[in-house]
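Step one of this worksheet: look at the structure below.
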Number of protein chains: 2
Amino acid sequence: MSTFIQTKRLLKYRMGLIRLKQMGLEKVFSYTLGKEAGVSAELVRKDFSNFGIKGNRRGGYDIDDLLNSLEKIFGKDRVQNVVIMGMGNMGKALSQYRGFPDNKMNIVAGFDIDPAKINKKFQIPIYPVENLKEIVDAFHVSVAILAVPEIAAQESSDLLVRYGIKGILNLAPVLLKVPDDVVVNNVNLMVELERLMYHSGVLK
Amino acid sequence: MSTFIQTKRLLKYRMGLIRLKQMGLEKVFSYTLGKEAGVSAELVRKDFSNFGIKGNRRGGYDIDDLLNSLEKIFGKDRVQNVVIMGMGNMGKALSQYRGFPDNKMNIVAGFDIDPAKINKKFQIPIYPVENLKEIVDAFHVSVAILAVPEIAAQESSDLLVRYGIKGILNLAPVLLKVPDDVVVNNVNLMVELERLMYHSGVLK
DNA sequence: ATTTTATTGAGAAAATTTTCACAATAATAT
DNA sequence: ATATTATTGTGAAAATTTTCTCAATAAAAT
């Protein structure tokens with residue numbers, strides 16, 4: 001998929017832009033933003049150009065304009081509700097994320113099979129898995145974070161898919177089997193750690 | 001860096017191979033492994049070929065041989081000690097990861113500025129940040145996981161670098177400023193979630 | 001008003017990654 | 001023993017991504 005990597009970069013730009021804005025800046029040059037996002041200036045320009053975002057020759061890019069354009073690309077016109085499957089430490093960690101400022105993403109609930117975790121006093125309400133369908137329907141949820149142990153990952157994924165989830169952020173080290181219309185984004189932190197070890201010259 | 005992506009795939013192959021082995025298999029074909037890792041069969045073969053790993057024409061690859069070759073590539077001959085900065089939910093979640101079977105990675109300690117978190121009864125010992133140098137020296141640690149809040153990320157990174165850490169897995173949404181000889185691997189879970197939303201057609 | 005300067009925008013070139021295509025070959029079947 | 005078949009290994013082609021280069025141009029300086 002050709003735009004998959006590019007999207008990742010656009011999101012990094014957004015992150016950088018928000019940071020620069022908080023520092024009081026209003027304009028930014030491709031060079032500056034590239035440095036902020038760890039990308040070459042040419043690539044920044046090309047990316048924006050590809051998405052039809054215009055800057056001002058000699059004046060750089062207007063940060064607010066850029067952010068607006070990015071918001072439009074990401075279609076943040078209405079709130080997106082998200083649920084978390086598995087409220088162990090990872091689930092809890094993610095439930096605290098509020099996303100970026102002005103971000104219309106909203107984590108509405110967590111689910112766990114452990115009755116000891118069911119508790120309305122946490123950051124977000126935590127329900128038993130039996131309530132999944134009810135919440136997904138009520139909040140029109142179509143994206144879920146899967147933060148259950150490896151052994152339960154496929155089973156939980158099946159459940160999410162059955163109730164209409166169309167996107168899963170999978171933190172378990174398993175390639176999930178899902179229908180074609182469901183998108184999975186796999187993040188494997190152990191792989192990232194090993195990769196780091198390899199590249200930091202520590203190993204070898 | 002040309003091998004950065006390839007390494008990621010090799011690690012995925014390893015994950016897949018371990019899973020297949022657990023299922024009782026001894027041989028694997030490029031096609032099967034590719035499916036397991038979400039990659040084309042040709043690419044599996046090319047990757048192995050590039051790293052000098054040989055299969056058996058018509059017989060496929062021997063899983064144990066492959067795993068041995070991969071271990072050699074990743075230089076898993078001695079134990080690698082790792083520390084975690086920040087023992088909030090994310091730090092705790094990661095401290096439970098034991099890595100892959102036969103993996104010589106070892107998370108030896110966690111650090112936090114919150115005195116309430118200092119506790120020898122957890123999975124791994126949790127020390128105040130004052131003890132960082134001592135532990136890094138004693139265990140010859142050169143890789144760290146940074147799981148502190150955004151606001152503390154650069155400061156913590158500086159500390160790690162000062163005490164000789166050469167690789168940082170950074171979970172905070174900040175591009176860290178580090179010397180050239182320190183490698184940073186950034187993982188931004190919010191970006192991954194947004195990316196998922198974008199690609200799952202949920203948005204726009 | 002004119003010149004200089006810094007920066008974008010984009011086509012072309014280079015580099016990299018992935019797929020194609022098929023010869024080589026080892027296992028299996030006849 | 002021979003033929004058939006399935007799979008690897010790899011060079012070549014295709015596709016994709018990134019960088020190079022420089023004309024266009026807006027801002028700033030003179």
Side-chain angles (χ1 to χ4, degrees), chain A residues 1-14 16-17 20 25-70 73 175 186 191 195 198-199, chain B residues 1-14 16-17 20 25-70 73 175 186 191 195 198-199:
Chain A
M1 208 170 300
S2 128
T3 50
F4 217 81
I5 277 183
Q6 232 169 14
T7 313
K8 190 166 191 170
R9 279 206 305 269
L10 289 184
L11 288 162
K12 276 190 195 167
Y13 298 154
R14 182 146 72 107
L17 287 167
L20 292 169
L25 298 181
E26 291 182 0
K27 304 274 181 189
V28 69
F29 302 131
S30 57
Y31 174 76
T32 320
L33 184 54
K35 213 171 153 193
E36 193 73 13
V39 160
S40 76
E42 295 87 341
L43 198 42
V44 171
R45 296 206 298 275
K46 186 125 283 187
D47 280 342
F48 287 167
S49 177
N50 283 160
F51 278 86
I53 296 174
K54 299 279 178 196
N56 182 330
R57 288 187 204 233
R58 175 75 209 254
Y61 298 85
D62 182 278
I63 292 184
D64 280 330
D65 281 2
L66 272 181
L67 283 170
N68 284 340
S69 301
L70 290 171
I73 288 170
L175 263 214
N186 295 295
V191 163
R195 198 152 73 105
Y198 180 74
H199 287 288
Chain B
M1 206 170 301
S2 128
T3 50
F4 217 82
I5 278 181
Q6 230 169 13
T7 313
K8 190 165 189 170
R9 277 205 306 267
L10 289 184
L11 288 163
K12 276 190 196 165
Y13 298 153
R14 182 146 71 105
L17 288 166
L20 292 169
L25 298 182
E26 293 183 358
K27 306 272 182 192
V28 68
F29 301 130
S30 58
Y31 174 76
T32 321
L33 184 54
K35 212 170 154 195
E36 193 74 11
V39 160
S40 77
E42 296 87 340
L43 199 41
V44 171
R45 298 206 297 278
K46 185 125 282 189
D47 280 343
F48 286 167
S49 179
N50 283 159
F51 277 88
I53 296 174
K54 299 279 177 195
N56 182 331
R57 286 184 204 239
R58 176 74 207 254
Y61 298 86
D62 182 278
I63 291 183
D64 280 331
D65 281 2
L66 272 182
L67 282 171
N68 284 340
S69 302
L70 289 172
I73 289 169
L175 263 214
N186 295 297
V191 164
R195 199 153 71 104
Y198 180 74
H199 288 288

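Every chain is numbered from 1, with letters handed out A, B, ... down the list of sequences.
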message = Is any side-chain heavy atom of A:T32 closer than 4.5 Å to one of A:L25?
response = no
ask   = End-to-end bend of the helix from C:dA1-D:dT30 to C:dT30-D:dA1 (five-pair axes, 10° rounding)?
value = 10°
remark   = Separation between CG (A:L20) and CG (A:L66), nearest 0.5 Å, reads 10.5 Å
inquiry  = Using whole Å, what does the distance between atom P of nucleotide D:dT19 and atom CG of A:D47 come to?
reply    = 11 Å
inquiry  = Testing the basics here: between B:R14 and B:L67, what is the closest heavy-atom pair and its distance to 0.1 Å?
reply    = CG-CD2, 3.8 Å
remark   = Tightest non-hydrogen contact, residues A:L175 and B:K35, listed as CD1-O, 3.7 Å
key: Those residues that, when tested against B:F48, pass ring pair (Phe, Tyr, Trp, His ring centres under 6.0 Å) (two or more places apart)   = B:Y13, B:Y61
query = Do any side-chain nitrogens or oxygens of A:R45 fall under 4.0 Å of OP1 or OP2 in C:dT8?
reply = yes
Produce the list of close N/O pairs, under 3.5 Å, pairing protein atoms with atoms of nucleotides 26-28 of chain C; give distances to one decimal.
residue: C:dA26; atom: O4'; partner: B:R57; partner atom: O; Å: 3.1
residue: C:dA26; atom: O3'; partner: B:N56; partner atom: OD1; Å: 3.3
residue: C:dA27; atom: OP1; partner: B:N56; partner atom: ND2; Å: 3.3
residue: C:dA27; atom: N3; partner: B:R58; partner atom: NH1; Å: 3.0

message = I need the A:S30 OG to A:D47 CG distance, nearest 0.5 Å.
response = 11.0 Å
request  = For DNA chain D, determine which residues of residues 60-69 of chain B have any heavy atom closer than 4.0 angstrom to one of its atoms, and list them numerically.
outcome  = B:G60, B:Y61
ask   = Roughly, in whole Å, what's the span from CG in B:N50 to C1' in C:dT16?
value = 12 Å
Approximate separation, where rounding is to 0.5 Å, of A:K46 NZ and A:L43 CG = 9.5 Å
message = Rounding to an integer number of Å, can you tell me how far B:I53 CD1 sits from D:dT8 P?
response = 14 Å
ask   = Rounded to the nearest Å, what distance is computed from the CZ atom of residue A:R9 to the C1' atom of nucleotide D:dT16?
value = 12 Å
request  = May I ask you to verify if any side-chain N or O of A:K54 is less than 4.0 angstrom from the OP1 or OP2 atom of C:dA10?
outcome  = yes
message = Just to be sure I understand the geometry, which residues of residues 34-43 of chain B put a non-hydrogen atom under 4.0 Å away from DNA chain D?
response = none
request  = Tell me what B:K46 touches on the nucleic acid: a base, only sugar-phosphate, or nothing, going by heavy atoms under 4.0 Å.
outcome  = base
request  = Locate the shortest heavy-atom distance separating A:L11 from B:R195; write the atom from each residue and the value.
outcome  = CD1-N, 3.6 Å
ask   = Are any non-hydrogen side-chain atoms of A:K27 and A:D62 less than 4.5 angstrom apart?
value = yes
key: Partners passing side chain to side chain donor-acceptor pair (under 3.5 Å) against B:N68 (at least two apart in sequence or in another chain)   = none
query = C:dT19 C1' sits how many Å from B:Y31 OH, rounded?
reply = 16 Å
message = Does D:dG9 have its OP1 or OP2 closer than 4.0 Å to a side-chain nitrogen or oxygen of B:S49?
response = no
query = Tell me: CZ of A:F48 to P of C:dT7, nearest whole Å?
reply = 16 Å
CG on A:L33 to CD1 on A:I63, rounded to 0.5 Å = 8.0 Å
